[in-house]
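Lettering of chains follows the sequences in order, A, B, ..., and the numbering in each one begins at 1.
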2 protein chains.
Amino acid sequence: MRSRLTSKSVTVFDVARVSGVSKSTVSLVINGSSKVSDKARKKVEKAIIETGYVYNRDAASLRSRKSNLIAIVINDLTNPYSAQLVVGLEQQIRELGLFSMIVNTGENVETQIQLVKNLKEYNVAAFIICPAPGTTAEWTNNLVDQGFPVVHIMREVTGAKVATVLPDNIRGTSLATQHIIERGHRKIAFLGGNESISDYHQRLAGFTEAMTLADVPFSKKLCIQSNTTRNGGRRAMEQALDIVSDIEAVVCFNDVIAYGAIEYMRSVDKQPGKDIAIVGFDDLKDSRLMSPALSTVHVSATQIAIAVCQVLKNIKDGSRNKILVDIELIIRESS
Amino acid sequence: MRSRLTSKSVTVFDVARVSGVSKSTVSLVINGSSKVSDKARKKVEKAIIETGYVYNRDAASLRSRKSNLIAIVINDLTNPYSAQLVVGLEQQIRELGLFSMIVNTGENVETQIQLVKNLKEYNVAAFIICPAPGTTAEWTNNLVDQGFPVVHIMREVTGAKVATVLPDNIRGTSLATQHIIERGHRKIAFLGGNESISDYHQRLAGFTEAMTLADVPFSKKLCIQSNTTRNGGRRAMEQALDIVSDIEAVVCFNDVIAYGAIEYMRSVDKQPGKDIAIVGFDDLKDSRLMSPALSTVHVSATQIAIAVCQVLKNIKDGSRNKILVDIELIIRESS
DNA sequence: ATACTTTACTGGAACGTTCCTATTTTGTAT
DNA sequence: ATACAAAATAGGAACGTTCCAGTAAAGTAT
């Protein structure tokens, strides 16, 4: 790809000449230094506009070895919760005066490796990664050892020496399941999700924990894995009903799964919320507005984003701590 | 944001020293030049691995004034079609050997202006922009005049001197409406969308065109604007039924609107596809899998992405042409 | 072997910024 | 006015790469 027509670009020298100060002073003004006189600052600011000067971050970044570019490496942009999360992250990062760029791995670890390799060349200041399935601790640690600040989100990679920000999955499904049990249901299935990602184990653990604690018998057969897509949810619901035809309630791995499950229920003339109670996880925007409104575990993208930025700010201590963002059970019409 | 611990980084000089050639030769190898002997290439490649050399794009980009970074400026990542589109673009761009980054304006023109201003500093090779409402031709033209290759997608900004890639909206809704009419429906509403974006006018035009051509009387009152969200679709459907309680069919601005409309239908005990025929626009993944499967106008994200890349490759001619990507009416169970 | 062409390689300068040190200007106390 | 400190400004070097022009090596024809 050719660059823009290379007409000798406007540099600090040009601005300096026009404003009658030195390039160094111009640089100070650009960086908002307090040790430059108001008179000089005014002149420089005027000259910047006059000349149409554009700051060259390549040069700055080369010389200073600093960067304010944060890379968000997301697992799947077409997943609505991921999109919501990315938007939250963007916002928080922008408020810190930094700039974020998004790249999408599509849940493919090879793509992830390639993308991160490229991003390293761009001198990014930090990586926020929602690791694709198959991500190894070795890979992450390597990145960290090279000196890049890294935060993992949503998914844990065991053995990775990084801070990980994720929702309190166990508490989430545990609360949801408890709620379903309190409603008097006993024949309960856990739908969707996939062993290859860490949240699955946690959310499933929350479910089993609540079930055992309440002494409700349940079978592993009714914990049905699936793709985390709407269609996956349909399939899972179908399978569950095949095994136990009079299921009373389902706890879903996430909202998208719940959407699919509801679709299947309707196709066999079961009313969600009446014939079968259902509860999701994530609290997508749609969940509040659909009919019946979906009970679900609210995970605040903003809170996650805030936690991530907090970590980013104190990254020095190559901290490998785990930050659990609190969740909230939201009871609506579907349960 | 501090950069990574600045341990003197490995440069071409280090690689040169280790491999016993000059920095220039190393540079040639890195750039895959054909005019370097196999022997030298081997040595350099070995040394690159040994030393853990990381290419510094800031330096390269500074010196060469070239860049292979393509900015995708998208209007709203939480819109499923936008997400799908972005994924398609990423793929095509990657196949061209370029690198893409995504930023999200959230339909806010101020954010768009700010983001693009920042991106200019990063020496991006080109902009792919889905313009936020309120984008002015002046702004776009300014960007073009500064020498940046720009392509608009999905939405037209009248007066902008750029290539615009967008689906054949008029043909799309026209076909969809024709189809609905052929099914024998006469009381037809057009739901959703918003005057502030150009696709609305086009899709509405396709609808009215087909209606007039078939001599089906219709009222502007039944063309109901709304937010392009699921909830917007619900509201629009509600409004439509308030006006004409025995509506036979609805043509929707897009699939998301259709989802909302279907939800509302169900809440008032109307069966989509039986009591009211419905057709969408976009063909989201879910539309094929839902029940009843949604009839819709398929817009291939891949084809749009391919067209965009084609334009990008021949951008020299500051072409302001309009590239219509063909659509396909897909008839499923909902109509 | 010699002259000449082609191919492979090299070192210096340049890209636009920031860092560092040095110098000038301004302010303050005597 | 003078001496001194503090603040403001300036100039050179450096970041790691690519470009350019030139040199060395290899290949070809006489």
Chemist: Got a sec: does the CD of E50(A) have more than 12 other heavy atoms crowding it under 6.0 Å?
Modeler: yes

Chemist: Less than 3.5 Å apart, which donor and acceptor atoms pair up between the side chains of residues 124-133 of chain B and the rest of the protein, not counting sequence neighbours?
Modeler:
none

Chemist: Need to verify one output field. Residue with the more 5' nearest nucleotide on DNA chain C, T25(B) or D58(A)?
Modeler: T25(B)

Chemist: One pair to check against side chain to side chain contact (heavy atoms under 4.5 Å, CB included): Y122(A) and M101(B). What are the steps and the verdict?
Modeler: CA-CA 11 Å; Y122(A) 283 105; M101(B) 64 187 277; over 6 Å; no

Chemist: Are any of the side-chain heavy atoms of M154(B) and V165(B) separated by less than 4.5 Å?
Modeler: no

Chemist: With the sugar-phosphate defined as primed atoms, P, OP1 and OP2, and the base as all remaining atoms, what B/S/- string results for nucleotides 17-25 of chain D, 5' to 3', for protein heavy atoms under 4.0 Å?
Modeler: BBB------

Chemist: Flag the pair Q114(B) / N118(B) as yes when at least one side-chain heavy-atom distance between them is below 4.5 Å, and no otherwise.
Modeler: yes

Chemist: If the threshold is 4.0 Å, N to carboxylate O, is there a salt bridge linking R63(B) and D58(A)?
Modeler: no

Chemist: Paired stems touching DNA chain D, three or more consecutive Watson-Crick or G-U pairs with both distances under 3.5 Å?
Modeler: C:1-30 with D:1-30

Chemist: Side chains of Q92(B) and T302(B) only: does a donor on one sit below 3.5 Å from an acceptor on the other?
Modeler: no

Chemist: Rounded off to whole Å, could you give me the CZ-to-C1' distance for the R41(B) and dC9(C) pair?
Modeler: 13 Å

Chemist: Mind calculating the distance between CG (L62(A)) and C1' (dA14(D)) to the nearest angstrom?
Modeler: 9 Å

Chemist: Ignoring hydrogens and geometry beyond distance, is a side-chain donor-acceptor pair present between S82(B) and N75(B) at under 3.5 Å?
Modeler: yes

Chemist: How close or far is atom C1' of dT18(C) from atom CZ of R65(A), stated in whole angstroms?
Modeler: 12 Å

